[in-house]
J.: 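Quick one: structure below, then a few questions.
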There are 2 protein chains.
Amino acid sequence: MADHNDLLQRRGDADDVHCRHCSLRSLCLPQALDDRDLERFNAIVRRPGHFKKGSLLAREGAPLHSLFVVRSGSLKQVSHTGGREQLTRFFLPGELVGLDGLDTLRHPGSVRALEAATICDIPYTSLDTLAEQLPALRTQLFRSMSRTLREDRLLMGHFTHQSADQRLATLLCELSERFHRRGYSAHRFRFSKSRAEIGSYLGIAMETVSRVLGQFQQQGLITIRGREVWILDLPALESLARGDRLTVLIPTPSRLAPPARTSPDAQIATLSLANH
Amino acid sequence: MADHNDLLQRRGDADDVHCRHCSLRSLCLPQALDDRDLERFNAIVRRPGHFKKGSLLAREGAPLHSLFVVRSGSLKQVSHTGGREQLTRFFLPGELVGLDGLDTLRHPGSVRALEAATICDIPYTSLDTLAEQLPALRTQLFRSMSRTLREDRLLMGHFTHQSADQRLATLLCELSERFHRRGYSAHRFRFSKSRAEIGSYLGIAMETVSRVLGQFQQQGLITIRGREVWILDLPALESLARGDRLTVLIPTPSRLAPPARTSPDAQIATLSLANH
DNA sequence: TAGCAACCTTGATGGCGATCAATATTCGGC
DNA sequence: GCCGAATATTGATCGCCATCAAGGTTGCTA
């Protein structure tokens, strides 16, 4: 439980990382800045100590003073909307937190660390000022928002149309790709979230998450041990997410099978004869 | 069916509407501009003739040259994603089309008129240049995107968690509010969309849309005649959207009822003993 | 190492809503 | 106003998945 010494220690570490040397630079806001501008950008970034699992980075409805960028670990955003609580977003390293509160300057949801995490804190007023002077930064901000807008809409759009197994396949592919883009393995990663959190995000029951993950494992699409995940057959998962009717053979690792059964005695399982 | 004369006629009309006198000004991009800046903004806006129902304003994947603002009528955005087609957005007067393509400069979905419609066309490069010079415009652009981002996430988030009747209640409340904010009646409006389009947007089958709307009517929440809708009991719809367990009496207009039944012989119907 | 709490898995049941199918209704064109 | 096509309603069936319930596992604290 991160005592004071611990905090100071980490703060020291954090201060070492100039934007110039940050491994996430190519994904982050200053990606298009030249050296001189990068220096100015780096000057406004604050790097608070590390956050423990579960700690609150922003409270729903509280004034928004800064944008955050995840530097390590991962965060979740939770909104209480219409009576029920729901998990509206996961944030991985390099992703921007707070874009959805720039107009009201309030946090539309609480932000918590899913695991030990470090962030960069970019005060909004400084960013605003700097964006006025640096066209490249402004453009990047627009791009980030536009991209988020499109990806969100697409992803959520998927979810509203998909069955439980399709949603999970979609999430797995998404995570795989997001991790990959950040330099991590696309085929092995750790769920930093509980089954319940996954369910809340996808709009399905925790029990169903558990069952479907088990099913995927049986079908040789993934291996899952606790929160550790190995993606064994990404194409099949993508195909599943896409809603293709997918026929797999058990117990051999799954693959896209021809429309007709190859052997009369093969054990056949049909996945996602989904509703739509 | 809009012959050439008609087009010219409407084009003439359209050209008359300087941003200064536009009834949507307070909702639109230039809402924070002073007179001098408004003049400059107005100068970059193009106002093409009116579009007939069903006409294509932008093709999915095509280069994005302009943002659109709906001036009258309504539009839909359709994306072909993962094999299946889905309706990703409805646009009402005053709403901005194209924010989700600003980074790739391509349209992420096809845009079509749901009914006869007029728009303003704001060339992206001109807007970009102008935004560089007018801080108020820049701020407004950020605000619009941020707001859209938040509202989208919330709305879609709702949908992924809601049952069919809750989704429809949510949509009705949404439309009611959006119309109201634009100066139209909050209690009576026209669906410019088919049942199938509603279903595609909400992620439910056309038949279910039809059934639930009928059910709402029976329960006295709405009156619906073809595509004309009267909202009779907005609070009840909101409550339903929120997921409250709602008990209504038939055939009297519905209201929030006390937890216990008021009369043993009253006909009881229970709405949305929804899954979550 | 023991014990407890949080988390996860697995089973049984019932309701919601997709799908298929068959009309009914509305709308646009002549 | 009449006809054909698109759209909407209504009915019947069945599978997915939420919910309730009961263990099982993991991980943290003492």
Side-chain angles (χ1 to χ4, degrees), chain A residues 1-2 52-54 84 86 114-116 159-169 190-200 202-218 222-229 240 243 245-246 269-276, chain B residues 1-3 52-55 84 86-87 114-116 159-169 190-200 202-218 222-229 240 243 245 269-276:
Chain A
M1 35 117 197
K52 296 184 297 184
K53 171 175 177 172
R84 212 154 289 288
Q86 78 162 9
L114 281 170
E115 58 195 316
F159 291 160
T160 77
H161 287 254
Q162 288 174 326
S163 60
D165 50 0
Q166 290 176 316
R167 293 186 198 195
L168 262 161
R190 214 184 126 69
F191 273 142
S192 46
K193 27 187 134 6
S194 70
R195 303 291 189 262
E197 284 165 332
I198 295 172
S200 172
L202 296 179
I204 60 187
M206 174 186 59
E207 294 92 332
T208 304
V209 174
S210 187
R211 269 185 263 267
V212 173
L213 287 178
Q215 180 186 325
F216 283 176
Q217 177 157 246
Q218 274 205 343
I222 63 175
T223 298
I224 189 160
R225 187 119 36 241
R227 295 191 176 180
E228 211 73 31
V229 186
L240 190 51
R245 173 186 271 103
L246 173 63
T270 309
L271 273 189
S272 184
L273 301 167
N275 284 333
H276 353 3
Chain B
M1 34 114 203
D3 54 46
K52 296 186 295 185
K53 172 176 176 170
S55 53
R84 214 154 287 288
Q86 79 162 7
L87 205 160
L114 281 169
E115 59 194 315
F159 291 160
T160 78
H161 286 256
Q162 288 175 326
S163 60
D165 51 0
Q166 290 176 317
R167 293 186 198 196
L168 263 161
R190 215 185 124 68
F191 273 140
S192 47
K193 27 188 134 8
S194 71
R195 303 289 189 266
E197 285 166 330
I198 296 171
S200 173
L202 296 180
I204 59 188
M206 175 185 61
E207 294 91 331
T208 304
V209 174
S210 189
R211 270 185 261 269
V212 173
L213 287 179
Q215 181 186 325
F216 282 177
Q217 175 157 249
Q218 275 205 341
I222 64 175
T223 299
I224 189 160
R225 186 119 35 241
R227 295 192 178 179
E228 210 73 31
V229 186
L240 190 51
R245 175 186 268 106
T270 309
L271 274 189
S272 182
L273 300 167
N275 285 333
H276 351 7

J.: To the nearest 0.5 angstrom, please state how far the CZ atom of A/Arg225 sits from the CD atom of A/Gln217.
T.: 6.5 Å
J.: Enter the distance from A/Asp165:CG to A/Arg211:CZ here, rounded to the nearest 0.5 Å.
T.: 13.0 Å
J.: If you look at every heavy atom in B/Glu197 and B/Leu87, which pair is closest and at what distance?
T.: O-CD1, 3.5 Å
J.: Looking at CD1 of B/Ile222 and CG of B/Leu213, how far apart are the two atoms once the value is rounded to the nearest 0.5 Å?
T.: 5.0 Å
J.: Looking at A/Gln162 and A/Arg167, what are the two nearest heavy atoms and their distance?
T.: O-NE, 2.9 Å
J.: Would you mind reading off the distance between B/Ile204 atom CD1 and D/dC17 atom C1', rounded to a whole angstrom?
T.: 17 Å
J.: What integer distance in Å separates A/Gln162:CD from D/dC16:C1'?
T.: 15 Å
J.: Which atoms form the tightest heavy-atom contact between B/Ser163 and B/Gln166, and what is the distance?
T.: N-OE1, 2.9 Å
J.: Give the rounded distance in Å between these two atoms: NZ of B/Lys53 and P of C/dG29.
T.: 10 Å
J.: I need the B/Arg190 CZ to B/Glu228 CD distance, nearest 0.5 Å.
T.: 5.5 Å
J.: I need the CG-C1' distance between A/Leu168 and D/dC16, as an integer number of Å.
T.: 14 Å
J.: Rounded to whole Å, how long is the line connecting atom CG of A/Asp165 with atom P of D/dA18?
T.: 11 Å
J.: What one-letter contact string describes nucleotides 5-14 of chain D from 5' to 3', where B marks a base within less than 4.0 Å of any protein heavy atom, S marks contact via sugar-phosphate atoms alone, and - marks no contact?
T.: --SSBBBB--
J.: In Å, rounded to the nearest 0.5 Å, how long is the span from CD1 of A/Ile224 to CZ of A/Phe191?
T.: 5.0 Å
J.: Could you go over nucleotides 23-29 of chain D and give all protein N or O partners under 3.5 Å, atom names and distances?
T.:
none

J.: Rounded to whole Å, please give me the gap between CZ in A/Arg225 and C1' in C/dT9.
T.: 15 Å
J.: Might you point out which heavy atoms bring B/Leu168 and B/Ile198 nearest each other, and give the distance in Å?
T.: CD2-CG2, 4.1 Å
J.: Taking any heavy-atom pair under 4.0 Å as a contact, classify A/Ala205: base, sugar-phosphate, or nothing.
T.: base
J.: Measure from CG on A/Leu202 to P on D/dC16 and round the result to the nearest Å.
T.: 18 Å
